[in-house]
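Proteins get letters first, then strands, A, B, ... in listed order; numbering begins at 1 in each.
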Amino acid sequence: MIIKQAFFNHSAIKVAQDLLGCFLIRKIGRKIIKTKIVETEAYDGPRDLASHASRGRTNRNAVMFGPAGYIYVYFTYGLHFMLNIVTGKPGYPAAVLIRAVEPFNGPARLTKGLAIKKNFNRLPIFTKKHGLWLEPKAEPIKPNNIIRAKRIGVDYAGAYKNKLWRFYLKDSKFISKK
DNA sequence: ACGATGATGAAC
DNA sequence: TTCATCATCGTA
């Protein structure tokens, strides 16, 4: 069972919540690493000042402007990779940042732990072909187990810094930041 | 061609 | 709070 492209064809805010509890699977050679998503953030639209897309389309962020279900990986702070999934309609830039999975807390640690580098940028997540895909959650998440909060590290984003577009599972021990 | 700047994490 | 450390982008 794999999560298909249509799953991502909604707003980033919805998809970010839908992804909580889903499984992120990485296959390297014969080895399979199965992780559970416990924390996400939504970056929604061209006006979201926290989003890379707010400064318009560039070569780096181009994948955010394309169809849903594709992977956006970028490099930051000179040493970290961040994993995002594009959502919504082509032409409308939006993505969900995977911030933490069990057993890796923090967006940089999960990419390191799963050996995700820039070579995944622009690849589809809705196929097993590239060794990285998603599987549905075992059971529905109760709404009161989802915490809504402000996004991390976006203090420069004006009115958008206060948007409650970060979501995490209340009972997880792998959240990147309280 | 150059300089500013991070969707971070770890150490101090 | 500082630092490690560099691709990307705006400006020129």
Taking [atom1] from [X] and [atom2] from [N], how many angstroms apart are they, rounded to a whole number?
X        : N     : atom1 : atom2 : value
A:Arg55  : B:dA7 : CZ    : P     : 7 Å
A:Arg99  : B:dG9 : CZ    : C1'   : 11 Å
A:Lys117 : C:dC6 : NZ    : C1'   : 16 Å
A:Phe81  : B:dG9 : CZ    : P     : 14 Å
A:Arg60  : B:dT5 : CZ    : P     : 15 Å
A:Asn61  : C:dT8 : CG    : P     : 11 Å
A:Lys112 : C:dT5 : NZ    : P     : 12 Å
A:Phe75  : B:dT5 : CZ    : P     : 19 Å

Looking only at side-chain N and O atoms, does [X] come under 4.0 Å of OP1 or OP2 in [N]?
X        : N     : answer
A:Lys118 : C:dT8 : yes
A:His52  : B:dA7 : yes
A:Arg166 : B:dA7 : no

Problem - Between A:Tyr72 and A:Tyr70, ring centroids under 6.0 Å - result: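 Aromatic pair excluded; centres sit 6.0 Å or further apart.
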Problem - Ring-ring centroid check A:Tyr43 A:His52, cutoff 6.0 Å - result: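 When the ring centroids of A:Tyr43 and A:His52 are compared, they turn out to be at least 6.0 Å apart.
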Handout entry: Assigned partner base of C:dT5, Watson-Crick or wobble definition, under 3.5 Å
Key =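 Looking at the geometry, C:dT5 pairs with no nucleotide.
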Exercise for the section: Please work out if A:Tyr77 contacts a base, only the sugar-phosphate, or nothing of the nucleic acid, heavy-atom cut-off 4.0 Å. Expected result: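 Since a base atom lies under 4.0 Å of A:Tyr77, the category is base.
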Exercise for the section: Classify the nucleic acid contact of A:Ala108 as base, sugar-phosphate or nothing, counting any heavy atom under 4.0 Å across all strands shown. Expected result: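 Since only primed, P, OP1 and OP2 atoms lie under 4.0 Å of A:Ala108, the category is sugar-phosphate.
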Sub-3.5 Å donor-acceptor pair from the side chain of [X] to the main-chain atoms of [Y], do we have one?
X        : Y        : value
A:Asp44  : A:Ala94  : no
A:Ser176 : A:Gly106 : no
A:Arg26  : A:Leu114 : yes

Which of these nucleotides, [options], is closest to any side-chain atom of [X]?
X        : options              : answer
A:Ser51  : B:dA10, B:dT8, B:dA7 : B:dA7
A:Arg109 : C:dC9, B:dA10, B:dT8 : B:dA10
A:Thr58  : B:dG9, C:dC9, B:dG6  : C:dC9

Problem - Side-chain ion pair, A:Glu41 and A:Arg151, N-O less than 4.0 Å - result: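 No salt bridge links A:Glu41 with A:Arg151.
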Practice task
Could you tell me whether A:Asp155 and A:Lys150 make a salt bridge, using a distance below 4.0 angstrom between a side-chain N and a carboxylate O?
Solution key: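 Salt bridge between A:Asp155 and A:Lys150, a charged N being under 4.0 Å from a carboxylate O: no.
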Exercise for the section: Using a cut-off of strictly less than 4.0 Å between a heavy atom of the residue and any atom of DNA chain B, enumerate the qualifying residues of residues 151-160 of chain A by number. Expected result: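 DNA chain B contact set from residues 151-160 of chain A: A:Ile152, A:Gly153, A:Val154, A:Tyr156.
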